[in-house]
Number of protein chains: 2
Amino acid sequence: MHTSQIGRPRGFDAEAALEKAMMVFWAQGYEGASLTDLTEAMGISRKSLYAAYGNKEDLFRKALQRYAEGPGAYVTEALQAPTAREVAMAFLAGSARANTLPGLPAGCLGVQGALAAGETGRVARDVLAEWRAHGQELLRDRFRQAVEAGDLPAGADPEKIARYVMTIANGVAVQAAGGATCEDLQQVADAALQNWPPA
Amino acid sequence: MHTSQIGRPRGFDAEAALEKAMMVFWAQGYEGASLTDLTEAMGISRKSLYAAYGNKEDLFRKALQRYAEGPGAYVTEALQAPTAREVAMAFLAGSARANTLPGLPAGCLGVQGALAAGETGRVARDVLAEWRAHGQELLRDRFRQAVEAGDLPAGADPEKIARYVMTIANGVAVQAAGGATCEDLQQVADAALQNWPPA
DNA sequence: CGCATTCAACACCGATCGGTGAAGAAATTT
DNA sequence: AAATTTCTTCACCGATCGGTGTTGAATGCG
């Protein structure tokens, strides 16, 4: 990668095109998104796509990264809340909101992008599973820290609490894909955190 | 359809073959399961498949029905528990178990079969969404009945409670697809039902 | 200018997709 | 046994899959 550009610069906004690709993967899943679907949505040719992003798997990885920094940014934001309970509340509220954003696909790219897949989608499926596991580890580490700070009872199990909260978020994603509203899902989030920490 | 058979009878067990097809759809999703994958697992030819089950969509519908009567039978069983709380407990315990059955694909066919899909998988996706919605309606009706029987408080919202319980089950399915164990998920179920009914 | 690089567009690649047509064997009827 | 029907096997269909090679114009650099 050179700092000084040589040759004709690309004639499209790489970030904007990636955003379009993200939405196609989000709505149709990795295997359900064909190169034709992608290039038409991104407004570029196949050649430009491969030159700018690599192959389909690479594009999917970059789209997921973009998702994490965009609609999925509520995760890192929630982790910075002052107390463990506020972390959980912000995480689930953000989940309810991000999974039902108007004008964007319903649900979560990290869940419906490739939960089950054939041979061609196996890499994408594993990438997403690892991504979800990573998010759960971030929650667990945050709850560990809360135990040490006395914010959670000494006997609390951070891994178990993280799994509990993440399971709700996963369920919220499936519900959103089925048409549940943000209010519906916020009610679920409230109910799930009614007793805290979960036994 | 005639009662008396005419001509050569089929040379394979249609129920056993359907079970195999169910497992392929379960593990690979609708779009990820090719006809070659299906026929190889079922041990029959393409021609036999089309003669016996129709097309791929029809086969998927029959596989889902088979799933509901087999690994998914815990749903109807749970609905028969004597109290609303026992219904919810049996439903989530069954979910934890059915999503982690040894020797079978992890997760739930109704969730990972086609959460997001391209054009070719749109029908399958809608079939599954309707299937999940139907299960949620069964829960809602059971909880309505519990309110009338005084088993749930008069102010309880059956629809909200059903959505809460189903959201946990959906999350359990995603967690199972990511490798969570039955014990992990049973802990989540216990925590989710710690306060009942959910506020 | 001239070199280098990327642009857009399009045909094309082998492979695979879901789905069928043809042909002969096999089993049940009368 | 003859007739009928469905079986199985295999090749094949057009379409689409992800990915590439080519071409000629456009735009940056030195």
Side-chain angles (χ1 to χ4, degrees), chain A residues 1-18 20-21 24-25 28-63 113-114 117-125 127, chain B residues 1-18 20-21 24-25 28-63 113-114 117-125 127:
Chain A
M1 192 68 70
H2 304 76
T3 52
S4 62
Q5 287 194 10
I6 303 180
R8 174 178 174 177
R10 66 163 55 98
F12 61 93
D13 184 338
E15 286 300 310
L18 183 56
K20 296 288 190 179
V24 175
F25 282 131
Q28 305 186 201
Y30 178 80
E31 286 182 323
S34 70
L35 282 189
T36 303
D37 293 331
L38 291 164
T39 53
E40 282 182 358
M42 301 167 80
I44 65 176
S45 69
R46 277 163 127 83
K47 267 303 200 191
S48 302
L49 189 154
Y50 277 83
Y53 308 96
N55 61 12
K56 191 185 178 187
E57 281 181 9
D58 293 332
L59 176 63
F60 183 74
R61 268 185 265 258
K62 293 187 169 84
E119 196 64 42
T120 65
R122 210 141 281 175
V123 171
R125 184 198 59 184
V127 164
Chain B
M1 194 66 70
H2 303 75
T3 53
S4 61
Q5 287 194 9
I6 304 178
R8 174 178 174 176
R10 69 163 55 97
F12 61 94
D13 184 338
E15 285 299 311
L18 182 56
K20 296 288 189 178
V24 174
F25 282 130
Q28 305 186 199
Y30 179 80
E31 286 181 322
S34 71
L35 282 189
T36 302
D37 292 332
L38 290 164
T39 53
E40 283 182 357
M42 300 167 81
I44 65 176
S45 69
R46 278 163 127 82
K47 262 306 197 188
S48 301
L49 187 154
Y50 277 82
Y53 307 97
N55 61 12
K56 192 185 177 187
E57 282 181 8
D58 293 331
L59 177 62
F60 184 73
R61 267 185 265 258
K62 294 187 168 84
E119 195 63 41
T120 65
R122 209 142 282 175
V123 172
R125 185 199 58 182
V127 165

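In what follows, every chain begins at residue 1, and chains take the letters A, B, ... in the order their sequences are listed.
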Would you tabulate the nitrogen or oxygen pairs shorter than 3.5 Å linking the protein to nucleotides 16-20 of chain C?
| unit_1 | atom_1 | unit_2 | atom_2 | d |
| --- | --- | --- | --- | --- |
| dC17(C) | OP1 | Ser34(B) | OG | 3.3 |
| dG18(C) | OP1 | Ala33(B) | O | 3.4 |
| dG18(C) | OP1 | Lys56(B) | NZ | 2.8 |
| dG18(C) | OP2 | Leu35(B) | N | 2.8 |
| dG18(C) | N7 | Arg46(B) | NH2 | 2.9 |
| dG19(C) | OP2 | Tyr50(B) | OH | 2.6 |
| dG19(C) | OP2 | Lys56(B) | N | 3.2 |
| dG19(C) | O5' | Tyr50(B) | OH | 3.0 |
| dG19(C) | N7 | Arg46(B) | NE | 3.2 |
| dG19(C) | O6 | Arg46(B) | NE | 2.8 |

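- If you measure from atom CZ of Arg8(B) to atom P of dC7(D), you get 8 Å, rounded to the nearest angstrom.
- Between Val127(B) and Tyr30(B), every side-chain heavy-atom pair lies at or beyond the 4.5 Å cut-off.
- Counting to the nearest Å, the P atom of dC10(D) and the CD1 atom of Ile44(B) are 15 Å from each other.
- With sequence neighbours left out, Glu119(B) forms a salt bridge (Lys or Arg N to Asp or Glu O under 4.0 Å) with Arg122(B).
- Applying the side chain to side chain contact (heavy atoms under 4.5 Å, CB included) rule to Thr120(A) yields the partners Glu31(A); only residues at least two apart in sequence or on another chain are considered.
- Taking side-chain N and O atoms only, Ser48(B) has a distance below 4.0 Å to OP1 or OP2 of dT8(D).
- Listed by chain and number, the residues in a salt bridge (Lys or Arg N to Asp or Glu O under 4.0 Å) with Arg46(A) amount to none (sequence neighbours excluded).
- The salt bridge (Lys or Arg N to Asp or Glu O under 4.0 Å) search around Glu57(A) returns Arg61(A), not counting sequence neighbours.
- Straight-line distance from the CE atom of Met42(B) to the P atom of dT8(D): 11 Å, rounded to whole Å.
- In this structure, the side chain to side chain contact (heavy atoms under 4.5 Å, CB included) partners of Phe12(B), at least two apart in sequence or on a different chain, are Arg10(B), Ala14(B), Ala17(B), Ile44(B), Ser48(B), Ala52(B), Tyr53(B).
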